[in-house]
Amino acid sequence: MSAYRGRFAPTPSGPLHFGSLVAALASFLDARRTGGEWRLRIEDIDPPRCPAGAADTILRQLEAFGLHWDGPVSWQHDRNDAYAAALERLKGMGLAYPCSCSRRQWRDHPIYPGWCRDGVREPGKPVAWRLRSDLGLRPVVWQDRLFGEQRFDPAELGDVVLQRKDGLWAYQLAVVVDDADQGISDVVRGFDLLDNTPWQRQLQHALGVPEPRYLHLPLIIGEDGQKLSKQNLAPALPEQDDAVRPLLHAALVALDQAPPRTLATAPAEEQLRWAVAHWEVARLRAEALRQAGTVTP
Ligand code: GLU
């Protein structure tokens, strides 16, 4: 196995919140514990969803929490050629096809039924590109480091979109191409992305690139039982040192790392030094949701 290289890959649709801090912190600690690298990738492939300034805020927030990344920040908006080349390769192998269908047309089906596999149904209309999942069908299986064996039936996964009708790249393609080109060995991210992983495994297999290890983390839910997210207006992470300290401590508690209470008022760098030295995935409890209780800002 090559050396550890992890990444944090936020979509700059708004500032980071406590849930994103927990994900960033876990991937940082997991990388640093083994002396590995930790990269930062801004996933801004969908410009209408990314307000101006949000990415800069994310960089400042990470710095404020002492989460310093290695190397230059990578930006998905710079990666058009790499995504296009990957799509061309898939087309060349007969594994990608254009599709004119709209969601409305197949709304009575649980997944897209593959109507355009053997030719676009409505020629002349805008097309999306999809991955053909019906060739060489076999279950997608992998071992999540926390949630154990994951097994998905390709017939239930459908033909994932690679490029949208409006020309924007789909997250699944971009993330696979970027993880491969950046030599990412370990993906550590929230449980909400676990059911995206089988499409990513399919694409890795189709493109013949290495498959990283995966560790999905329990999602933090607020007191209202809702997942903390930008959509339900989870508060933005602070950047002032006196507010950063207790929140970083709370994030370590949320990750079951049992930080000493005295650390709660220590500077971020000191908390992180302790946390790197003590990081243990085995302490995490495999539950999809974790109540944040009073720890959210
Ligand atoms: N950009 C995705 C998000 O912010 C995360 C992608 C990933 O970690 O694979 O939800």
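Order of listing sets the numbers, starting from 1, for every ligand and every atom in it.
- Of all the heavy atoms of Asp192, none lies under 4.0 Å from any atom of ligand 1, so neither backbone nor side chain is involved.
- Atoms of ligand 1 found under 4.0 Å from any heavy atom of Glu43 (numbered from 1 in listed order, with element): 1 (N), 2 (C), 5 (C), 6 (C).
- Within the structure, ligand 1 has Tyr171 among the residues with a heavy atom less than 4.0 angstrom away.
- In summary, the side chains of Glu43 and Gln76 do present a donor paired with an acceptor at a separation below 3.5 Å, with no hydrogens or angles considered.
- The cationic atom of Arg103 (NZ for Lys, CZ for Arg) lies less than 6.0 Å from the six-membered ring centre of Trp106 and within 45° of the ring axis.
- Which parts of ligand 1 touch Arg189 is read off a 4.0 Å heavy-atom cut-off, strictly below it: atoms 7 (C), 8 (O), 9 (O).
- Ring geometry for His77 versus Trp75: interplanar angle of 30 to 60°, hence tilted.
- Using a 4.0 angstrom heavy-atom cutoff, Arg7 counts as in contact with ligand 1.
- Using a 4.0 Å cut-off between heavy atoms, Thr11 contacts ligand 1 through both its backbone and its side chain.
- For a threshold of 3.5 Å applied to N or O pairs, the pair formed by Ala9 and ligand 1 contains at least one separation below that value.
- If you number the atoms of ligand 1 from 1 as listed, the ones under 4.0 Å from a heavy atom of Val175 come out as 9 (O).
- Proximity of Leu203 to Leu162: side-chain heavy atoms (C-beta onward) are separated by under 4.5 Å at one or more points.
- Ring geometry for Phe28 against Trp38 counts as perpendicular: the plane angle is over 60°, on a 0 to 90° scale with 30° as the lower cut.
- The side-chain hydrogen bond (donor to acceptor under 3.5 Å, both in side chains) test with Asp159 is passed by exactly one of Arg132, Gln202, Arg117: Arg117.
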